[in-house]
Amino acid sequence: MIADNPRVGFFSRLAQPGYFLDWSRHMILPLAALCAVFFALGLWFAFFNSPADYQMGNTVRIMYIHVPNAWLSQFAYGVMVVASIGSLVWRHPLADVAAKTAAPLGATFTAIMLITGAIWGRPTWGTYWVWDGRLTSSLVHLFIYLGIIALWRAFDDPVRAARPIAIITLVGAINIPIIKFSVDWWNVLPQPASVIRAGGPTMPAAILTPLLVMFGAYTLLFLVLHLAAMRTELARRRITALQARTARSQAGTPA
Amino acid sequence: MRTLAALFTRDFRLATRTGGNTLTVVLFFALVAILLPFAIGPDVALLQRLGPAIIWLSALLALLLSLDRLFLDDHRDGSLAAMRAGPVALEWVVLVRIFGHWLTTAVPIVLVSIPLAPLFNFDFELLFALLVALMAGTPALAANAAIGAAITVSLPRGGLIAPIVILPLAIPVLIFGVAAADPGAGAARGSALLFLAGYSMLVLVVAPIAAALALRSGAE
């Protein structure tokens, strides 16, 4: 067994799919409990123990949901890029699974960010949507996620899909900063005055604490969901393989 | 070099002779560009303002339409497997293919946009800016199309999924392409054109590597 072989490195052992299924089973519950604690603490801070903004009033509390989702929208793509490098360089099946399962999570967190941003924008700017640089590139980011999900669904065999999709994920990673830059440039050209004002360099601790706790809570949520999704995907592949084997043996043809 | 020249000649003949799709692509481009004013209305001043955007969008759609032709036929009849085993690195084959594709689809589109100019009331200066912008930006579109085509080459119905994946990558080309021919942009035009050319060069480096990698992995 790889898990017992002393010559196999620590990370290789961790990443061996069977061994991964074994250790990740014991990780999910503690991580989920920790995540719940962070959420309870963060939400308590956000709702009861942080000041309302002197201009925006209570709507500033949307920030505690919105900003961590914006972070995860980037973080999930980072996970996909790292996993794609793993797929391309080491052809590791666990990297394929990690890349595949991070895409729907990233799309969901990006969508939540856009929706909470629109809800926040309505009372603050008086409109749900402006074609601002940051909003527009977030929307494009969502469609990059959706395109990658659609590509995963287009392939019959997820094992064959992994490498082409890893390539497009990396091409996307090169393009995302360029798209962001060009959208900013495009937005400045017709209307010099930007709608979003930077939040100011100094942020009081009363706002920073709940925000950081919520960052932790959402990052933990991503880890829990990603681990669970990877386990589900591995189980799904195992079932497909078993079904194929059963079908072959029932057909009675020697392979 | 001789091999690459032979490859280019082959691609060029396949695209321009019977069964090639240059005429289809150009007609599609012209029809979309003529159709959009019907949706917008016959306001000449408005059409002149939107003209560069209309031409760029039509060119983008027409180039997406012809994306299947890049690798699919060669994948099906086995030529691609021969090229993979051939003496020239697959990256060069892809680059030659991108150039041939650009020459037989994008350049005719650029030429056909000249007779379309009076329909949008372009003056000579604006038309010239638009043509230069199209020449600078369409290589990036062709190279991105090659990435999309290479990734979906093993799919039985890859035609629709590839545009979905590569359309977001066309955003910089659209933004800077339209800005480089925007009647109201003034001095920003020059910098937009430079950025557009730079982006094309970057994509022309990335695309052959990415597409060749995808074509190799698709064969395993």
Side-chain angles (χ1 to χ4, degrees), chain A residues 77 84-85 87-89 91 96 103 107 110 131 133 136-192, chain B residues 49 140 143-144 146-180 182 184-189 191-192 195-196 198-200 202-203 205-207 209-220:
Chain A
Y77 204 87
S84 297
I85 294 172
S87 293
L88 282 177
V89 177
R91 309 193 176 200
D96 304 353
T110 311
W131 285 93
T136 314
S137 41
S138 304
L139 188 67
V140 174
H141 201 62
L142 175 66
F143 276 92
I144 291 177
Y145 275 126
L146 294 178
I148 290 175
I149 294 171
L151 197 55
W152 275 109
R153 294 178 65 92
F155 281 88
D156 298 331
D157 181 2
V159 178
R160 289 177 67 88
R163 281 165 66 75
I165 295 176
I167 294 165
I168 197 73
T169 308
L170 293 181
V171 170
I174 298 172
N175 271 276
I176 283 170
I178 299 175
I179 292 174
K180 172 127 186 51
F181 166 76
S182 53
V183 167
D184 284 345
W185 193 86
W186 164 77
N187 183 257
V188 168
L189 194 64
Q191 40 176 158
Chain B
R49 230 179 81 70
N144 272 336
I147 299 179
I151 278 165
T152 55
V153 77
S154 62
L155 289 177
R157 292 169 303 277
L160 201 56
I161 187 78
I164 288 175
V165 176
I166 61 167
L167 264 177
L169 307 184
I171 289 171
V173 178
L174 264 189
I175 289 177
F176 290 102
V178 172
D182 185 357
R189 263 196 213 177
S191 56
F195 190 89
L196 191 62
Y199 183 71
S200 276
L202 175 74
V203 178
V205 173
V206 173
I209 299 170
L213 197 60
L215 289 175
R216 282 200 200 97
S217 71
E220 285 160 9

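The chains referred to below are lettered A, B, ... by the order of the sequence lines, with proteins before strands, and numbering in each begins at 1. The figures that follow rest on heavy atoms only: side chains count, while hydrogens, waters and symmetry mates do not.
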Legend entry - A:Phe181 vs B:Pro172 side-chain heavy atoms within contact, under 4.5 Å: no

Inset, instruction - Determine the option with the most heavy-atom pairs under 4.5 angstrom with chain B, choosing from A:Ile176, A:Leu170, A:Val171. - result: A:Val171

Inset, instruction - Could you label the plane-to-plane angle of the B:Tyr199 and B:Phe195 rings as parallel, tilted or perpendicular, counting under 30° as parallel and over 60° as perpendicular? - result: parallel

Inset, instruction - Only one of A:Leu142, A:Ile148, A:Ile144 passes side chain to side chain contact (heavy atoms under 4.5 Å, CB included) with A:Leu146; say which it is. - result: A:Leu142

Inset, instruction - Name the option with the most non-hydrogen atom pairs under 4.5 Å to chain B; the candidates are A:Ala150, A:Ala161, A:Ala166. - result: A:Ala150

Legend entry - Heavy-atom contact with chain A under 4.5 Å, split by part of B:Ala211: neither

Inset, instruction - Decide yes or no for A:Ile178 and B:Leu202: does some side-chain heavy atom of the first lie under 4.5 Å from some side-chain heavy atom of the second? - result: yes

Legend entry - Contact origin within A:Ile174 toward chain B - heavy atom pairs under 4.5 Å: side chain

Inset, instruction - Indicate yes or no: at least one non-hydrogen side-chain atom of B:Val173 is less than 4.5 angstrom from one of B:Leu196. - result: yes

Inset, instruction - Examine whether an atom of A:Leu88 lies under 4.5 Å from a heavy atom of chain B, and if so say whether it belongs to the side chain, the backbone or both; otherwise answer neither. - result: side chain

